[in-house]
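Only one structure is covered here, and it is reproduced in the block below.
Every number for a ligand or one of its atoms is a count from 1 in the order of the listing.
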Amino acid sequence: MTEKTAAPAPAAGKGLQNVVVGQTKLSLVNGTEGKLIYAGYNIEDLAEHATFEEVIYLLWHGKLPTQSQLEELRKNLFAEMSLSPEILALMRQFPKKATPMAVLRTTVSALALWDADADNNSPEQNRRKATLLTAKTPTIVAAWERIRTDKEPLQPRADLSLAANFLYMLKGTEPQKQEVAVMDAYLVLLSEHGMNASTFSARVTTSTLSDMYSAITTAIGTLKGAAHGGANEEAMRMFFEIGSADNVEQWFKDNVKTGKKRVMGMGHRVYKALDPRAAVLNSKSKAMAEATNNMKWYELAAKLEKTARADEDFIKKNLYANVDYYSAIALYTIGIPMDQFTPLFAIARVPGWCAHIFEQWADNRLIRPDVEYVGPMGLKWIPIEQRGN
Ligand code: ACO
């Protein structure tokens with residue numbers, strides 16, 4: 001019996017590294033120089049000046065909104081923010097121990113069941129669904145926090161922005177100005193990032209002519225993993241495990257140098273320089289920690305970053321802090337529960353995913369790559385009774 005392998009086909013880099021799968025007008029990620037541009041605007045400029053709503057408009061229309069366009073978007077978003085009694089009743093049946101990312105994935109998927117036009121993929125319907133999904137995601141995340149802690153979910157307020165509404169619906173208190181500013185900057189920074197894994201998932205699902213709810217549900221499932229969006233929660237858990245800035249060097253030696261653990265929130269497939277979003281979030285999380293008089297976790301994170309960046313392997317492999325590293329500190333300082341960090345990432349990324357779905361529909365072709373077969377060849381059928389035990 002011969003066991004030959006087929007002639008190898010030309011293979012892409014493992015994990016599709018360096019493979020260009022299409023074109024986009026949404027963002028440019030320059031990994032060598034550590035630059036990120038949304039539709040022509042530097043991310044630092046947007047994080048400093050733009051609200052999340054302005055960036056949503058930019059991603060969906062390719063230009064910044066005028067005052068009246070922004071008001072219109074805000075009005076449309078607010079009109080879609082509340083959850084129906086059916087969705088709230090469904091969420092109340094989930095086990096209280098269910099993780100927020102699993103709840104978000106399932107609830108976003110369930111929204112489609114009450115949308116008569118869920119499978120209508122016209123540009124108008126997809127715009128409406130993008131608005132609905134962007135508006136309802138923060139409400140779902142906040143409602144789950146209330147439900148699992150035996151509190152009543154809160155209704156969104158018309159006088160608040162998306163960022164402020166999320167904080168209000170989560171905590172039930174009046175959001176503070178600095179918290180809202182940091183939240184807005186976070187949402188702006190995380191809203192779009194080229195062909196990252198979850199965006200790719202959303203585009204693959206869309207390319208099969210499936211609907212927007214399915215594409216966003218797919219993307220949420222992909223974002224959940226610790227190598228992608230799940231890293232912000234893992235970074236905070238790592239800071240807790242280290243416990244104090246005094247333990248950083250020993251922890252690094254015992255865990256990272258022995259190959260037992262990675263520094264969560266460091267390293268990136270594209271950035272071989274400092275992730276520009278990490279730089280912005282570093283200063284924002286520092287300011288937030290100073291304002292709340294709780295420097296412990298910021299100082300620990302800063303020391304771990306310094307220790308890692310002085311390590312010869314980290315230098316050689318170009319491993320720098322990524323967006324998840326300091327966002328963990330910023331979100332923790334604002335009082336977001338650790339397992340809600342990744343759902344927050346999803347809140348930010350929904351409009352970016354939707355923008356990619358619009359682009360995919362505008363010039364669609366089924367995404368279906370090839371794979372190199374490396375298994376056996378030429379085997380002959382063996383009846384089951386002759387296959388041994
Ligand atoms: N800590 C220690 N070593 C690391 C780290 C890290 N955080 N990241 C990569 N390395 C090392 C690997 O061990 C590997 O070393 P080797 O060549 O000696 O085997 C080398 O760097 C390359 O690692 P890969 O996993 O092949 O790099 P890849 O580009 O596939 O992975 C990834 C990128 C997944 C982000 C990786 O850096 C990682 O696991 N980081 C920690 C998790 C994280 O922060 N993820 C969030 C990414 S940003 C985002 O999705 C929003």
Practice item. With the side chain counted from C-beta on, respond yes when Phe314 and Val256 share a heavy-atom pair under 4.5 Å apart, and no when they do not. Key: yes
Review point. How far is atom 33 (C) of ligand 1 from its nearest protein heavy atom, and which residue and atom name does that atom have?
Key: Arg269 N, 3.8 Å
Exercise for review: Determine whether the side chain, the backbone, both or neither of His268 has a heavy atom under 4.0 Å from any heavy atom of ligand 1.
Suggested key: both
Revision key, fill the gap. Atom 50 (O) of ligand 1: closest protein heavy atom, distance to 0.1 Å, is His228 ND1, 2.8 Å
Review point. What protein heavy atom is closest to atom 42 (C) of ligand 1, reported as residue, atom name and distance in Å?
Key: Met264 CE, 3.5 Å
Check your understanding: Is there a protein heavy atom less than 4.0 Å away from atom 26 (O) of ligand 1?
Key -> no
Exercise for review: Verify the contact flag for atom 22 (C) of ligand 1, where contact means a protein heavy atom under 4.0 Å away.
Suggested key: no
Study note, to complete from the structure: For Asp275 and Arg277 the tightest heavy-atom approach is OD2-NH2, 2.8 Å
Point to revise | atom 29 (O) of ligand 1 touched by protein heavy atom at under 4.0 Å | key: yes
Practice item. Answer with yes or no whether the hydrophobic clustering places Ile315 together with Leu319; edges join I, L, V, M, F, W, Y residues whose side-chain heavy atoms lie under 4.5 Å apart. Key: no
Revision key, fill the gap. Quick look: Phe314 vs ligand 1, heavy-atom contacts under 4.0 Å, and the answer is side chain
Check your understanding: atom 1 (N) of ligand 1: which protein heavy atom is closest, and how many Å away?
Key -> Val263 N, 3.0 Å
Review point. Can you say whether the rings of Phe358 and Trp60 are parallel (under 30°), tilted (30 to 60°) or perpendicular (over 60°)?
Key: perpendicular
Practice item. Enumerate the residue pairs fulfilling salt bridge (charged side-chain N to carboxylate O under 4.0 Å, His left out) with a member in residues 186-213, sequence neighbours excluded, ordered by first and then second residue. Key: Arg203-Glu359
Check your understanding: Among protein heavy atoms, which lies nearest atom 45 (N) of ligand 1, and at what distance?
Key -> Ala227 O, 3.1 Å
Review point. Salt bridge or not for Arg237 and Glu241, using N-O below 4.0 Å?
Key: no
Review point. Should Asp324 be counted as touching ligand 1, given the test is an N or O pair under 3.5 Å?
Key: no
Check your understanding: So, for Tyr271 and His193, is the gap between ring centers shorter than 6.0 Å?
Key -> yes
Point to revise | Intermediate values then yes/no, ring pair (Phe, Tyr, Trp, His ring centres under 6.0 Å), Phe239 and Tyr325 | key: CA-CA 10 Å; Phe239 298 143; Tyr325 195 79; 5.2 Å; yes
**Study point:** salt bridge (charged side-chain N to carboxylate O under 4.0 Å, His left out) pairs, two or more places apart, involving residues 287-304
**Key:** none
Study note, to complete from the structure: Of all protein heavy atoms, the one nearest atom 18 (O) of ligand 1 is Lys317 NZ, 2.9 Å
Exercise for review: Test Glu124 against Arg127 for salt bridge (Lys or Arg N to Asp or Glu O under 4.0 Å), laying out the working first.
Suggested key: CA-CA 5 Å; Glu124 299 73 32; Arg127 295 258 167 203; over 6 Å; no
Point to revise | Of the listed options Asp311, Leu319, Val323, Asp275, closest to atom 10 (N) of ligand 1 (non-hydrogen atoms) | key: Leu319
Exercise for review: Could you check which of Arg262, Met266, Lys261 puts a non-hydrogen atom nearest to atom 40 (N) of ligand 1?
Suggested key: Met266
Point to revise | Candidate with minimal heavy-atom separation from atom 37 (O) of ligand 1, of Gly267, Gly15, Ala197, Ser327 | key: Gly267
